[in-house]
Asker: 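My questions will all concern the structure given below.
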Amino acid sequence: MLAGLLFGGMGAGTFTIVSLGIMASFIIADLGITRAELGLVIGVDTLFAAAVSPFAGRAADRLGGRRALVALFLLAALAWTVYGLAAVYALMFVGALFGGIADASCNPATNLVIAEAIPPGRRGVITGIKQSGVQAGIFLGGITLPSLAVAFGWRPTYFITTSVPLVAAVLAWRLVPETRFETTARHRGPSEPMPASIRWLAAYGVLFGFAGAVVLLIPLYVEEALGLDARIGGIAAGAIGLVAVGGRIWWARLAERTSRFVESLWAMTPLGVLGGLAFLFAESTTTWLIWLGALLLGMSTSSWNSVGMLAVMNEAGPQATGRASGIVVSGFLVGFGLGPPIFGAAVDATDTYTPMWIASIAAAAAAGLLVAVWRRSRRLAVSSA
């Protein structure tokens, strides 16, 4: 049950952003906005999450895992409710602010529960499971939300989904053990520096987050550039999530078993490059390449978080897991948040998705170069010690 609630916590916190991509065509048509304007809402949600992530991490450390998890579910429900009530474009930004806090809270809250309750050596699989909640949400949302929106409208669809985090909040309060530290004095002080690896992980998150932000516009790409049905676009985004459910568990288990976190992060970068290339060439060759692209992106840009969060727990320790998670997630969300408005503006300006895919491919390649430098610095540090 603990794994299921952590799984749901990650899905609820991040789905406040993901749902906007899945529902993009319905929201754009109903509110009369452009792709760039919807991308701006997504960007505000994500960049606000990036800004508050360090604070959310410290708040989680003070609240303890159970209280932080309950707060996460309630924030997600609030964000979805505001989206459903948004009769005008401006109100979407209100929902985005609540969604940003929920997104900022999901990794610190769930990581802290694991760090408090699960000993090292047994965290890999449960971390992979809980991180795969993000992708399971993408998959389930991708295959259900467009159909529900067609049948009932996109606003009632948001109200229907709000019931899920509300039920989860009650279950979390009743079932998650209270394992918070007795006193905040045991936590690492705010002035004490984080390990250098946390900064490297945050930088990697910026680049790979930007590369992976294309998943939010894939439904529109499939519908507009490839001329396929909107539901196929949702399924394509959902397929990435489905692959990443297994990918996150597999990568986390491999990284913990081998203790080679950096090497695992590096191995994902060429897969991200190839996934972007598959989607890029799907428009000029065959649309079947989107399924190859979904496989590759699901195993790379959509899976790195499980290894990254596992590395955070191991590097920072339970006394500072929330704070360190906030720093790394902040970096990731900066990249992930910048992507949609930049991509949307590029598509509006050029009437093609090619610049979006080129930018995503370049960011994935840059992440690979970053890890190569990181690995070299680690070797030099060990040799000089």
Side-chain angles (χ1 to χ4, degrees), residues 8 11-46 48 73-103 133-169 215-242 340-341 343-344 347-348:
T14 56
F15 199 68
T16 58
I17 298 172
V18 171
S19 65
L20 293 173
I22 294 173
M23 305 282 267
S25 61
F26 302 99
I27 296 173
I28 288 172
D30 186 51
L31 296 181
I33 59 177
T34 67
R35 304 178 196 88
E37 287 173 324
L38 179 63
L40 183 60
V41 175
I42 296 172
V44 166
D45 188 323
T46 312
F48 184 66
F73 284 125
L74 295 178
L75 284 165
L78 183 58
W80 297 353
T81 299
V82 174
Y83 284 147
L85 292 172
V88 295
Y89 176 59
L91 285 179
M92 295 295 291
F93 289 98
V94 178
L97 296 180
F98 289 120
I101 301 173
D103 194 18
V134 178
Q135 306 308 320
I138 295 174
F139 173 70
L140 293 174
I143 64 175
T144 59
L145 261 61
S147 296
L148 286 173
V150 168
F152 304 108
W154 68 274
R155 299 178 193 280
T157 297
Y158 267 117
F159 296 141
I160 292 169
T161 58
T162 298
S163 62
V164 177
L166 291 176
V167 172
V215 71
L216 298 174
L217 293 183
I218 282 177
L220 276 179
Y221 168 75
V222 171
E223 183 179 359
E224 295 181 344
L226 304 185
L228 302 177
D229 186 86
R231 284 167 287 195
I232 300 298
I235 292 172
I240 296 175
L242 181 63
F343 297 154
V347 174
D348 286 339

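FYI, the numbering just counts along the sequence from 1.
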Asker: Report the residues that fulfil side-chain hydrogen bond (donor to acceptor under 3.5 Å, both in side chains) with Arg155, sequence neighbours left out, ordered by chain and then residue number.
Answerer: Asp30
Asker: According to the side chain to side chain donor-acceptor pair (under 3.5 Å) rule, which pairs have a member within residues 138-153, sequence neighbours left out?
Answerer: none
Asker: I'd like to check the side-chain hydrogen bond (donor to acceptor under 3.5 Å, both in side chains) partners of Ser19; sequence neighbours left out, ordered by chain and number.
Answerer: Tyr158
Asker: Ala24: which residues meet the side chain to side chain contact (heavy atoms under 4.5 Å, CB included) condition with it, sequence neighbours left out?
Answerer: Leu38, Leu220
Asker: To check you understand the geometry: which heavy-atom pair defines the closest contact between Gly99 and Ala79, and what is its length?
Answerer: N-CB, 3.5 Å
Asker: Return each pair, listed once, that meets side chain to side chain donor-acceptor pair (under 3.5 Å) where at least one residue sits in residues 82-93; pairs must be two or more places apart or across chains.
Answerer: Asp45-Tyr83
Asker: For a 4.5 angstrom cut-off between non-hydrogen side-chain atoms, does Leu20 reach Leu216?
Answerer: no
Asker: Considering residues at least two apart in sequence or located in another chain, which fulfil the ring pair (Phe, Tyr, Trp, His ring centres under 6.0 Å) criterion with Phe152?
Answerer: none
Asker: Who pairs with Phe159 by ring pair (Phe, Tyr, Trp, His ring centres under 6.0 Å), at least two apart in sequence or on another chain?
Answerer: none
Asker: Could I get the full list of side chain to side chain contact (heavy atoms under 4.5 Å, CB included) partners for Val94, not counting sequence neighbours?
Answerer: Val82, Leu91, Phe98
Asker: Restricting to pairs with a member in residues 219-228, which pass side chain to side chain donor-acceptor pair (under 3.5 Å), not counting sequence neighbours?
Answerer: Arg35-Glu224, Glu224-Tyr353
Asker: Report the distance from atom CD1 of Ile235 to atom CG of Asp229, rounding to the nearest 0.5 Å.
Answerer: 8.5 Å
Asker: With salt bridge (Lys or Arg N to Asp or Glu O under 4.0 Å) as the rule and sequence neighbours excluded, what pairs involving residues 136-149 come up?
Answerer: none
Asker: Specify the closest pair of heavy atoms between Ala87 and Leu31, including all atoms of both residues, with the distance to one decimal.
Answerer: O-CD2, 3.8 Å
Asker: For the atom pair OG1 (Thr81) and CG (Leu166), what is the distance rounded to the nearest 0.5 Å?
Answerer: 7.0 Å
Asker: List the residues meeting side chain to side chain contact (heavy atoms under 4.5 Å, CB included) with Thr34, not counting sequence neighbours, and say none if there are none.
Answerer: Ala36, Glu37, Asp348
Asker: List in chain and number order the residues that pass side chain to side chain contact (heavy atoms under 4.5 Å, CB included) with Pro146, two or more places apart in sequence or in another chain; answer none if no residue qualifies.
Answerer: Ile22, Phe26, Arg231
